[in-house]
Every structure is written in structure tokens, then in C-alpha cells.
Amino acid sequence: MRYWLMKSEPDEFSLEDLKRAKGQTEHWDGVRNYQARNYMREMEKGDQVLFYHSNCAEPGIVGLATVAREAYPDHTALDPEDPHYDPKSNPDKPRWFMVDVKYERALKRTITLTELKDYRTLKKMPLVRRGNRLSVMPVTKKQRDFILGLEKKIR
DNA sequence: GCCAACGTTGGC
DNA sequence: GCCAACGTTGGC
């Protein structure tokens with residue numbers, strides 16, 4: 001099993017939205033970055049996802065989810081009405097993919113980006129690197145265990 | 001709202 | 001293939 005971190009703007013799609021979704025499962029559409037797409041294609045059912053809220057008052061990791069379905073074509077790329085429409089996308093040769101993720105649980109507290117930047121263990125995560133905008137990234141077991149350890153720490 | 005960082009586009 | 005212009009991300 002592998003571990004991942006996925007970013008979402010809570011105004012668009014939050015952990016709460018995932019919790020409320022049918023079957024507490026939702027497809028992760030709209031990824032239009034090749035590196036992020038490639039990572040999604042590496043995901044396997046059962047992999048754990050750290051759910052990160054970006055572009056909000058308190059950016060940070062807010063919960064856990066699991067990969068419920070492996071990568072399949074992102075239909076929103078073919079829909080001209082969709083904000084993530086890609087005119088160069090072709091149904092016969094899908095360019096963009098998505099996975100399904102299932103809600104696992106909310107963390108007891110948000111582990112903020114500011115906090116994550118404090119630790120050497122996490123220094124190599126793209127998330128904490130200056131200027132990095134990757135929205136889907138792998139997390140090592142060591143990093144994942146360390147982050148979940150922070151959950152119990154009092155700020 | 002600002003703006004740094006980065007990816008993409010397209011002219012040449 | 002280069003690179004300037006442009007658009008987007010996302011922290012602050």
C-alpha cells in the first residue's frame with residue numbers, strides 16, 4: 001500500500017463534501033497537470049490519501065481518505081460546459097484521468113502547512129517546498145506516520 | 001488582493 | 001528548439 005497527498009480547495013470540494021457524498025465516495029476530477037495525473041495513474045485501490053485543504057484561511061491536512069477506484073478517464077475534460085474542459089482532449093485517447101476516493105475520517109485537528117514546514121522529516125515533501133504547486137503527490141510511509149503522530153500533539 | 005513561482009502556449 | 005507572454009496556483 002502506498003500513501004498520497006491530494007490538495008483541494010475547500011470552497012470547491014472539501015473533506016466535509018466527501019463525507020456527505022453518496023457512499024462517502026467521490027471522483028477526483030479536474031486534475032490538469034501531467035505530473036499529478038501520472039501519480040493518480042500509479043494509485044491502487046486501498047492506498048491511503050492525506051486530504052489537504054488549499055487556498056483557504058488555514059491551509060493544511062484535515063483528514064484521511066482511501067483510493068476506492070483506480071484511474072479512469074476524466075469525463076469533465078470532454079464537457080465544453082465544464083470549467084476544466086480541455087478542447088484538445090479526445091474520447092478515443094483520454095488525456096486526463098481521475099480516481100475515486102472514499103472518506104475515512106477527519107483528523108482531530110488540522111495539521112497546518114506552517115506546522116509541517118517545521119520538521120526535517122518532511123523537508124522533501126513537494127508540499128512544503130517553495131513555489132511548488134503539485135496537487136497530487138506521493139508521501140513516504142515515514143512521512144505519513146510522522147504526520148499522523150503530529151495529530152496527537154498539542155499545539 | 002498581491003504576487004512569486006511555475007507550467008503552457010505559440011511565434012519565430 | 002528557444003523563449004516571451006500569458007494563465008494558474010496558492011500562500012500570505
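A note on names: the letters A, B, ... follow the listed sequences, proteins ahead of strands, and every chain is numbered from 1.
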- From CZ of R129(A) across to P of dG10(C) the rounded distance in Å is 17 Å
- Interatomic distance, L127(A) CG vs dT9(C) P [rounded to whole Å]: 16 Å
- For the pair made of OH in Y52(A) and C1' in dG11(C), what is the distance, rounded to whole Å? 8 Å
- Query: Tell me: CG of L134(A) to C1' of dC6(B), nearest whole Å?
  - Reply: 11 Å
- Message: Check this one for me: any side-chain N or O of Y34(A) less than 4.0 Å away from OP1 or OP2 of dC6(B)?
- Response: no
- Determine whether V101(A) and F97(A) fall in the same hydrophobic cluster, where Ile, Leu, Val, Met, Phe, Trp and Tyr are linked whenever their side-chain heavy atoms lie under 4.5 Å apart. no
- Could you tell me whether R69(A) sits above the aromatic face of Y72(A), with NZ or CZ closer than 6.0 angstrom to the six-membered ring centre and within 45 degrees of the axis? yes
- Message: If I take atom CG in residue D86(A) and atom P in nucleotide dT8(C), what distance separates them, rounded to the nearest angstrom?
- Response: 13 Å
- Candidates dG11(C), dT8(B), dC6(B) - which lies nearest the side chain of R133(A): dC6(B)
- Message: dT8(B), OP1 or OP2 - any side-chain N/O from K88(A) closer than 4.0 Å?
- Response: no
- Item | Value in whole Å for how far the C1' atom of dC12(C) lies from CD of E9(A) | 15 Å
- Message: Rounded to whole Å, please give me the gap between CD in E115(A) and P in dC12(C).
- Response: 13 Å
- Task: Check the side chains of R20(A) and Y103(A) for a donor-acceptor pair under 3.5 angstrom, ignoring hydrogens and angles.
- Result: no
- Message: Contact between W28(A) and V99(A) at the side-chain level, heavy atoms closer than 4.5 Å - yes or no?
- Response: yes
- Item | Phosphate OP1/OP2 of dT9(C) contacted by K7(A) side-chain N/O (<4.0 Å) | no
- Item | Candidate nucleotides dG11(C), dG10(C), dG7(B), ranked by approach to the side chain of S135(A) - the nearest | dG10(C)
- Query: Can you check the E58(A) CD to dC12(C) C1' distance for me, whole Å?
  - Reply: 14 Å
